[in-house]
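Below is one structure; the comments refer to it alone.
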Amino acid sequence: MDTVRTRFAPSPTGFMHLGNLRSGLYAYLQAKHNDGVFILRIEDTDQARYVEGAVDVIYRILKDIGLDWDEGPDIGGDFGPYVQSERKSMYLPYAEELVKKGKAYYCFCTKEELEERKAEAEKEGKVWKYDKRCASIPYEEAKKRVEAGEPYVIRQNVPETGEASFDDVLYGHIQVNCADLEDMILIKADGMPTYNFANVIDDHTMGITHVMRGNEYLASTPKYNLLYEAFGWEKPVYIHLSQIMKDAHRKLSKRYGDAYYEDFLAKGYLKEAILNYVALLGWNPGDEREFFTLPELVEAFSIEGLSKSPAIFDNDKLNWMNGEYIRRLSPEDFTSHARPFYAAAGIGHMDESILCRILQQRLQYFGEIPAMVDFLTQLPDYDAELFTNKKSKTNPEVAREVLGMVIPFLESLPDWAENTVHDALMNLAAEKGLKNGTLLWPVRIALAGKQVTPGGAIEIALLLGREESMKRLRAGREKLA
RNA sequence: GGCCCCGUGGUCAAGCGGUUAAGACAUCGCCCUUUCACGGCGGUAACAGGAGUUCGAUUCUCCUCGGGGUCACCA
């Protein structure tokens with residue numbers, strides 16, 4: 001069997017859309033699972049959309065998550081160049097070959113003329129499709145006009161009758177009537193190929209065996225196949241991928257936020273978790289496993305497991321999965337990921353091992369840290385009713401007594417070490433015949449001023465330090481006086 | 001609107017003619033407990049609808065409905 005060659009062909013927009021990332025992942029997995037070659041190609045035929053530095057963004061993200069390519073713009077390969085704008089001169093001869101074969105033609109209609117005719121058609125309630133006006137210009141005449149420097153584009157000459165079709169591994173045989181197809185532009189007035197044309201030429205000349213791309217191309221692929229047939233080229237295996245949706249109606253997109261890989265990284269999601277979650281959106285391994293490293297995905301991947309229907313991106317499930325990944329981190333790794341968020345929360349000076357202990361079990365993503373620990377830097381203005389808790393058998397009166405005995409007791413401690421504080425409080429509760437909760441609830445409330453906190457009274461006391469803790473306990477007692 | 005695709009719980013998703021229709025997330029309840037979280041146990045919840053094929057349809061076919069995609073000198 002021939003070597004499997006797949007490609008990921010993003011446009012340099014400056015961002016990595018998750019749907020795009022998933023397409024790249026699947027292309028990578030398909031190649032690697034079959035000991036094949038994964039190629040990175042940059043599709044920058046739209047000069048108007050050129051974004052400075054966007055290609056580097058693509059490199060950086062792919063490298064970061066481990067989708068290493070075997071051939072690409074930066075590392076070369078036998079089928080280069082791998083940037084479409086650098087291949088510009090390759091496309092025209094192919095298009096001209098098609099013109100000679102009658103499968104394409106020069107078109108001199110200007111954008112303005114087209115607009116006009118389109119508007120007219122719409123006024124009559126008709127659906128506009130290019131009217132093939134220039135298809136009837138004799139080749140010699142067209143050639144002369146081209147040589148005279150008249151601006152032109154090259155259009156595919158789609159038959160007016162018959163069918164165009166292709167076979168997709170997932171979706172099966174897709175067939176459309178040629179009459180419904182427009183004579184799409186192959187070469188633009190600026191000499192650049194359109195995506196439609198560049199893709200066919202590049203996939204063929206780069207020896208791509210499996211074309212994996214979003215299924216927004218499903219409807220136009222029959223047109224591409226017409227091109228393959230016109231050239232007499234062997235067609236690749238087509239695998240169109242289902243869409244990732246924001247909800248039942250909307251695609252995941254910038255407009256609705258959270259469409260980009262970078263957004264999730266910035267919020268403190270782990271790249272391994274994002275990749276894992278995205279891999280499972282639209283693909284299942286055929287068993288019950290849910291956690292995969294990239295090598296495990298390579299091992300398990302099969303196009304059989306790909307699903308045809310669109311998948312709604314479920315942030316809740318990503319949160320859960322990311323939380324699982326966070327819990328599996330070593331304390332050192334946890335801390336190094338958390339540190340920037342500690343700084344943002346103003347708790348960079350606090351005991352990292354205690355922070356790790358109280359936060360690692362609670363976080364779904366690191367960005368939750370500041371809101372979760374806000375009370376550490378600033379005691380909230382809380383209501384005395386917070387001291388009421390049925391299960392712990394406390395209320396403001398009980399709390400007043402408890403704080404009354406706890407404060408002098410803590411003041412007398414020799415130091416503020418964890419076991420000192422812990423043992424002292426536990427012994428005090430036992431000595432007074434109180435439930436642990438009855439003693440600790442008021443202490444925690446006074447320390448945090450919040451009903452729900454990560455960590456318990458003792459951990460909070462340690463994080464705050466002796467001085468601040470005593471200050472807050474006294475303030476709590478004042479409140480109850 | 002034309003054409004193309006899709007349709008199992010709220011979400012992801014097994015199933016590929018005969019199942020008590022898995023599992024995960026979410027949700028609810030209980031347990032654990034120093035609040036919350038983590039963890040453990042359990043519950044609620046689905047084959048879009050209608051014809052047909054068949055001894056038997058979630059599974060095959062058709063129609064309806066619902067949703068999406070596409071109709072650019074964007075990809």
Side-chain angles (χ1 to χ4, degrees), chain A residues 9-11 13 20 43-46 48-49 107 109-111 114 118 125-130 151-155 168 170-172 174-177 179-182 184-196 198-199 213-222 240 242-243 245 247-251 277 280-284 286-290 305 307-321 323 327 358-364 372 386 389 391-392 425-426 429 435-441 443-445 448 450-460:
Chain A
S11 282
T13 59
N20 234 249
E43 310 228 325
D44 62 344
T45 54
D46 188 354
R49 288 201 191 178
C107 172
C109 297
T110 64
K111 274 187 191 177
L114 292 173
K118 184 175 178 176
K126 281 189 255 174
V127 182
W128 164 257
K129 194 180 93 171
Y130 180 66
Y152 69 96
V153 301
I154 295 179
R155 284 184 186 270
D168 185 275
L170 251 54
Y171 294 94
I174 307 287
Q175 189 174 76
V176 299
N177 291 323
D180 295 327
L181 267 23
E182 186 176 44
M184 63 180 179
I185 290 173
L186 270 18
I187 301 288
K188 300 187 264 192
D190 66 0
M192 276 288 190
T194 56
Y195 165 86
N196 304 305
N199 235 260
R213 54 156 71 126
N215 74 8
E216 62 265 31
Y217 297 108
L218 210 49
S220 39
T221 301
H240 285 88
S242 65
Q243 218 102 50
M245 309 287 288
D247 58 38
H249 308 283
R250 305 173 293 188
K251 283 210 281 186
Y277 176 68
L280 258 22
L281 244 197
W283 174 78
N284 88 83
D287 55 37
E288 300 287 82
R289 283 182 296 167
E290 293 206 273
S307 90
K308 291 192 275 194
S309 34
I312 295 173
F313 186 89
D314 184 0
N315 218 314
D316 282 340
K317 184 141 190 180
L318 201 219
N319 282 347
W320 165 77
M321 180 165 274
R327 257 153 252 136
I358 69 169
L359 292 173
Q360 188 166 19
Q361 298 306 312
R362 283 168 243 258
L363 290 176
Q364 297 198 295
M372 210 174 258
L386 280 192
N389 182 268
K391 237 183 114 189
S392 296
L425 256 15
M426 292 314 201
K435 265 182 84 164
N436 287 341
T438 308
L439 182 101
L440 294 167
W441 179 279
V443 173
R444 190 177 59 83
I445 294 301
K450 229 180 154 179
Q451 188 165 21
V452 173
T453 59
I458 294 156
E459 284 142 340
I460 294 169

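Below, chain A is the first sequence line, B the second, and so on; all start at residue 1.
- Spacing between B:A72 and B:U64 at atom P, rounded to whole Å, works out to 27 Å.
- A:His249 comes within 4.0 angstrom of the backbone, heavy atoms only, and of no base.
- Taking CE of A:Met245 as the reference point, atom CG of A:Asp314 lies at 14.0 Å (rounded to 0.5 Å).
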Open item on the list: Protein within reach of the bases, or only the backbone? For nucleotides 32-38 of chain B, mark each nucleotide 5' to 3' as B, S or -, using heavy atoms under 4.0 Å.
Closed with: -BBBBSS

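- Between B:U19 and B:U58, the distance separating the two P atoms is 10 Å to the nearest Å.
- Partners of A:Asp46 under the salt bridge (charged side-chain N to carboxylate O under 4.0 Å, His left out) rule, at least two apart in sequence or in another chain, are A:Arg49.
- The separation of B:U8 from B:C47, taken at their C1' atoms, amounts to 4 Å, rounded to a whole angstrom.
- For A:Thr45 and B:A75, the shortest distance from a side-chain N or O to OP1 or OP2 is below 4.0 Å.
- A donor-acceptor contact closer than 3.5 angstrom is absent between the side chains of A:Ser392 and A:Arg444.
- Side-chain proximity of A:Val127 to B:C73, B:A75, B:G1: nearest is B:G1.
- Checking B:C73, B:C6, B:A72 against every side-chain atom of A:Lys118, the shortest atom distance belongs to B:A72.
- Summarising the base pairing, B:A48 is matched to B:U64 through a Watson-Crick or G-U wobble pair whose two defining distances lie under 3.5 Å.
- To the nearest 0.5 Å, atom CG of residue A:Asn389 and atom CD1 of residue A:Ile445 are 8.0 Å apart.
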- [ ] Could you encode protein contacts along nucleotides 9-14 of chain B as a string, one character per nucleotide from 5' to 3', using B for base contact, S for sugar-phosphate-only contact and - for no contact, with a heavy-atom cut-off of under 4.0 Å?
- [x] --BSSS

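- A:Asn199 comes within 4.0 angstrom of no nucleic acid atom, judged by non-hydrogen atoms across all strands.
- The side chain to side chain contact (heavy atoms under 4.5 Å, CB included) check on A:Ser11 picks up A:Thr13, A:Glu43, with sequence neighbours excluded.
- Across all strands shown, A:Gln360 has no heavy atoms under 4.0 Å from either base or sugar-phosphate atoms.
- For A:Tyr171, taking side-chain heavy atoms from C-beta onward, the closest of the listed nucleotides B:G2, B:G69, B:C6 is B:C6.
- Every residue was checked against the ring pair (Phe, Tyr, Trp, His ring centres under 6.0 Å) condition with A:Tyr171, not counting sequence neighbours, and none meets it.
- A:Lys129 meets the salt bridge (charged side-chain N to carboxylate O under 4.0 Å, His left out) test with no other residue; sequence neighbours excluded.
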